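Computed from a predicted model, the values in this text were never measured in an experiment. Chain identifiers are assigned alphabetically (A, B, ...) following the order of the sequence lines, protein sequences preceding nucleic acid strands; residue numbering begins at 1 within each chain.
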Amino acid sequence: MTDLDLDSSFIPALHKPPSLLPIAKYRESLLYVVEKFPVTIVIGQTGSGKSTQIPQFLERAGWCSDGKIIGITQPRRVAATTVALRVADEVGCEVGQEVGYSIRFEDVTSSSTRIKFLTDALLIREALTDPLLRRYSVIMVDEAHERSISTDILLGLLKKIRRKRPELRIIVSSATLQAEQFLKFFTASSDQEAKKQEDGQPPQEIATIVSLEGRTYPIDVLYLEAPAENYVEKAVNTVFDIHTQEGEGDILVFLTGREEIDNAIQAVAERAMQLESQHGPLQPLPLYAGLSTEQQMFVFDKAPEGTRKVVFSTNIAEASVTIDGIVHVIDCGFVKLRAYNPKTGIDTLTTTPISKASASQRAGRAGRTKAGKCYRLYNEAAYQALPETNPPEIQRSNLASTVLQLKALGIDNVVRFDFLSSPPSELMSKALELLYSLGALDEYAKLTHPLGSRMAELAVEPMMAKTLLSAPQFNCLSEMLTIAAMTSLGGNIWFYHDGERHKMESSRRKFAVEEGDHLTLLNVYQTFITKGKKEAKFCHEHNLNYKSLTRAVSIRAQLKRYLERFHINVDETLSSKQQSSSNVDKSNKAEQIRRCLTSGYFAHTARMQPDGTYRNVEGGTILHAHPNSLMFNRKADWVIFYEIMETGDKTYIRDITKIEKNWLVEYAPEFYKLSNSRG
DNA sequence: GAGCACTGC
């Protein structure tokens with residue numbers, strides 16, 4: 001027998017043993033409730049272990065014995081993967097075996113998978129081929145209180161599926177405030193079900209609420225006596241007050257956007273120079289989605305000994321990104337919310353007061369590792385006046401793709417779909433009108449075949465899906481696949497470090513193509529995969545976001561697979577020949593691409609005015625080319641654009657391409673006849 | 001002349 005070498009024999013536990021989690025003592029009662037009630041609403045405090053433990057309890061209790069599996073949905077990809085890795089670790093298997101996950105581009109499951117984590121959007125896609133989700137014995141919808149469109153649609157589907165599969169068990173995990181609403185949703189009968197219930201089970205037997213205690217540290221919440229006039233300034237002052245008066249611990253500051261964050265960081269940097277040496281240095285860092293991955297990673301690094309880290313963040317740190325070691329949270333009380341106006345067809349991005357639910361979520365970011373403090377830059381009366389929650393996404397979004405997806409799921413009467421919160425009827429009719437004009441729906445609002453059903457399967461917006469499916473007629477499918485992939489990146493293609501804006505602008509000019517942004521994006525992608533060899537080095541040299549371009553490669557490949565499944569042949573030799581062909585060929589190709597874009601984007605048209613601004617077709621709204629667009633400082637007449645958004649007091653259009661006016665009538669005769677008769 | 005909160009397929 002050899003002596004045990006303590007250092008090498010003992011490996012420190014990465015995670016607390018599951019039996020020590022507060023949830024362990026609820027095991028029996030949870031299993032009983034799930035057995036008895038078809039729907040269980042679980043109120044799980046942070047740190048309760050609900051996402052990791054409940055699936056294991058169920059699996060061990062035999063819920064997979066008949067070959068069926070347990071599905072747990074998450075609103076975000078990272079959550080699906082990290083929770084799966086952790087549960088696989090606790091179970092003691094390789095991820096992809098008994099425990100797996102599935103997200104877009106990554107299916108890490110196998111025939112032995114019994115516990116499967118996935119995004120809720122992906123589970124909805126599974127329902128396209130397996131409408132009753134028969135593979136699953138239990139489906140747990142995690143973070144349902146966030147109320148994303150996908151979560152809401154999924155809950156509506158599950159309620160419908162339950163009628164045909166009474167044995168299916170549904171678990172909805174929610175924050176305290178919203179639990180009652182989920183309970184009401186599942187117990188309230190829809191018309192069809194009401195009939196059945198006369199001789200069936202009474203409604204109160206369908207669902208119940210279980211509350212699990214969490215394990216968090218206390219957080220002191222502090223308010224201002226009077227509301228702050230300028231919350232960015234007040235936030236910076238509060239940072240210095242904490243730094244000079246409070247013990248150690250990093251600070252997380254919630255602001256609304258990039259501009260505020262950059263200003264705050266500059267202010268902190270300037271004032272820190274006058275700081276007395278006894279206080280130690282401050283390290284201000286930005287965090288928002290537009291940063292490159294490398295730039296985002298800094299917030300996870302531990303600050304040097306004696307230095308205090310101050311992260312200035314958008315809402316990304318409220319639920320998506322978790323930073324360890326935060327002791328102080330400063331909450332400005334505002335958030336930028338997107339809302340779609342169905343009358344104008346324009347999305348607005350507006351700074352809005354947060355909800356009480358958000359305020360408590362933000363405060364909770366302080367108490368993850370020890371007791372913390374939250375400084376709210378508003379007074380208690382203002383807090384009391386906040387709404388409990390913000391309106392769910394489904395009530396303030398363009399619903400074109402949602403409606404198309406519902407139709408593809410066989411829900412013909414989308415207005416009567418059992419929504420958790422019904423969208424305003426204007427949103428529904430606007431979506432139906434657009435889908436009709438694109439040919440995805442017929443005059444009876446029925447899904448068309450093959451066009452409509454194919455559009456529903458493609459993972460791009462309906463207008464782009466239409467463009468893509470028209471591309472073979474214009475002989476530009478290979479190019480359009482690239483353009484579809486690049487536009488769906490949502491603008492995160494270029495990046496710059498402090499003071500490098502001009503360098504980025506000149507990089508961008510090098511890729512510019514006269515006809516507009518779509519052809520410029522095509523040029524960027526083709527250069528990246530040919531001359532740039534898909535390498536990060538090429539991206540850094542040209543101020544391109546490497547992660548985004550890599551993503552474009554995956555999206556393009558996936559779209560291509562879909563088209564091949566539709567038996568649409570993608571001839572890639574055409575685009576490589578294009579590289580060496582003559583200028584005449586190139587301009588012909590460019591024209592085909594512009595015509596093809598017009599066939600899908602005829603509803604997004606504008607005309608340039610002598611002063612350089614644009615007007616939409618109705619003529620009423622002044623539109624500006626976004627400064628990121630090539631068309632910001634170029635002449636054009638008629639254009640189509642990918643996206644329109646109102647921020648502050650201006651309406652911007654992005655991803656713009658020049659077209660000819662007569663193409664509009666050629667490719668969308670009905671739409672333009674209609675518009676003319678209106679005016 | 002001047003700028004996009006955040007997710008997801």
- Query: Under 30°, 30 to 60°, or over 60°: which ring-plane class applies to A:Phe419 and A:Phe417, parallel, tilted or perpendicular?
  - Reply: perpendicular
- Could you tell me how the ring of A:Tyr652 sits relative to the ring of A:His624: parallel (under 30°), tilted (30 to 60°) or perpendicular (over 60°)? tilted
Set of side-chain contact (heavy atoms from CB on, under 4.5 Å) partners for [X], sequence neighbours left out:
{"X": "A:Arg76", "answer": "A:Val78, A:Glu146, A:Ala319, A:Ser320"}
{"X": "A:Ala269", "answer": "none"}
{"X": "A:Thr256", "answer": "A:Tyr231, A:Glu260, A:Cys332, A:Phe334, A:Lys336, A:Thr351"}
{"X": "A:Arg258", "answer": "A:Asp262, A:Tyr288, A:Tyr496"}

Starting from [atom2] on [N], measure out to [atom1] on [X] and report it in whole angstrom.
{"X": "A:Lys560", "N": "B:dC9", "atom1": "NZ", "atom2": "P", "value": "22 Å"}
{"X": "A:Leu489", "N": "B:dG8", "atom1": "CG", "atom2": "P", "value": "14 Å"}
{"X": "A:Arg561", "N": "B:dC9", "atom1": "CZ", "atom2": "P", "value": "13 Å"}
{"X": "A:Leu404", "N": "B:dC9", "atom1": "CG", "atom2": "C1'", "value": "12 Å"}
{"X": "A:Lys547", "N": "B:dT7", "atom1": "NZ", "atom2": "C1'", "value": "12 Å"}
{"X": "A:Glu106", "N": "B:dC9", "atom1": "CD", "atom2": "P", "value": "10 Å"}
{"X": "A:Ile149", "N": "B:dG8", "atom1": "CD1", "atom2": "C1'", "value": "10 Å"}
{"X": "A:Asp120", "N": "B:dG8", "atom1": "CG", "atom2": "C1'", "value": "8 Å"}

Without placing hydrogens or testing angles, list every side-chain donor-acceptor pair under 3.5 Å for residues 637-651 of chain A, not counting sequence neighbours.
unit_1   : atom_1 : unit_2   : atom_2 : d
A:Asp637 : OD1    : A:Arg607 : NE     : 2.9

- Task: Output the residues of residues 351-361 of chain A in contact with DNA chain B, where contact means a heavy atom of the residue under 4.0 Å from an atom of the strand; sort by number or write none.
- Result: none
- Item | Of all pairs that satisfy side-chain hydrogen bond (donor to acceptor under 3.5 Å, both in side chains), the ones with a partner from residues 447-466 of chain A, not counting sequence neighbours | A:His449-A:Ser453
- Item | Sequence-aligned protein contact record of nucleotides 1-6 of chain B, with B where the base is within under 4.0 Å of a protein heavy atom and S where only the sugar-phosphate is | BBBBBB
- Not counting sequence neighbours, which residues clear side chain to side chain donor-acceptor pair (under 3.5 Å) with A:Arg615? List them please. A:Thr613
- Task: Classify the nucleic acid contact of A:Ser148 as base, sugar-phosphate or nothing, counting any heavy atom under 4.0 Å across all strands shown.
- Result: nothing
- Item | Sugar-phosphate, base or nothing in reach of A:Ala459, heavy atoms under 4.0 Å | base
